[in-house]
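As the structure lists them, so they are numbered: ligands from 1, and atoms in each ligand from 1. Bear in mind that the values here come from a model prediction, so they are computed numbers and not experimental data. Scope of the values below: all heavy atoms of this structure, side chains included, with no hydrogens, waters or symmetry mates.
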Amino acid sequence: MVCEHVKEIKSGVKRSGDGCVECLRDGTRWVHLRECLVCGHVGCCDSSIGRHATKHFHTSGHPVMRSIEPGESWRWCYVDEAVV
Ligand SMILES: [Zn+2]
Ligand SMILES: [Zn+2]
Ligand SMILES: [Zn+2]
């Protein structure tokens, strides 16, 4: 499968922080963290209450994120719904 969206990934983007932006703001807990590879937004996974990484995709349109859990390096394209 060819994912066209990896072209939108920016190099050298600064990560927004060490935790989910919205969870830190709202005081909620996350399970796992995902980083948007277009803008560096850190959000929480779909197992978390906020699902902020997915919400970030819906509000921003940024299609590709990666896991920033220790030992994990996979990337996910929301548009293709596939590991890319
Ligand atoms: Zn894609
Ligand atoms: Zn969150
Ligand atoms: Zn983003």
Practice item. To the nearest 10 degrees, could you say what angle the Zn ion (ligand 2) makes with SG of C44 and SG of C23? Key: 110°
Exercise for review: Determine whether E72 and W74 make a side-chain contact, defined as any pair of heavy atoms from C-beta on separated by less than 4.5 Å.
Suggested key: yes
Review point. Considering only N, O or S atoms, which atom of H52 is nearest to the Zn ion (ligand 2)?
Key: ND1
Check your understanding: Do any of the N, O or S atoms of E4 sit under 2.8 Å from the Zn ion (ligand 1)?
Key -> no
Review point. The Zn ion (ligand 1) is nearest to which N, O or S atom of D80?
Key: OD2
Point to revise | Other residues, nucleotides, ligands: >12 heavy atoms within 6.0 Å of R29 CZ | key: no
Check your understanding: Tell me, do W30 and V42 make a side-chain contact under 4.5 Å, heavy atoms counted?
Key -> no
Review point. Name the one of E35, R34, H52, E22 that satisfies side-chain hydrogen bond (donor to acceptor under 3.5 Å, both in side chains) with H41?
Key: E22
**Study point:** the Zn ion (ligand 3) to nearest N/O/S of H41 below 2.8 Å
**Key:** no
Check your understanding: Any side-chain heavy atom of C44 sitting closer than 4.5 Å to one from V31?
Key -> no
Exercise for review: For the Zn ion (ligand 3), find the closest N/O/S atom belonging to H62 and write down its atom name.
Suggested key: ND1
Study note, to complete from the structure: H5 ND1 to C3 SG via the Zn ion (ligand 1), rounded to 10°, gives 120°
Exercise for review: Please check if the distance between the ring centroids of H56 and H62 is under 6.0 Å.
Suggested key: yes
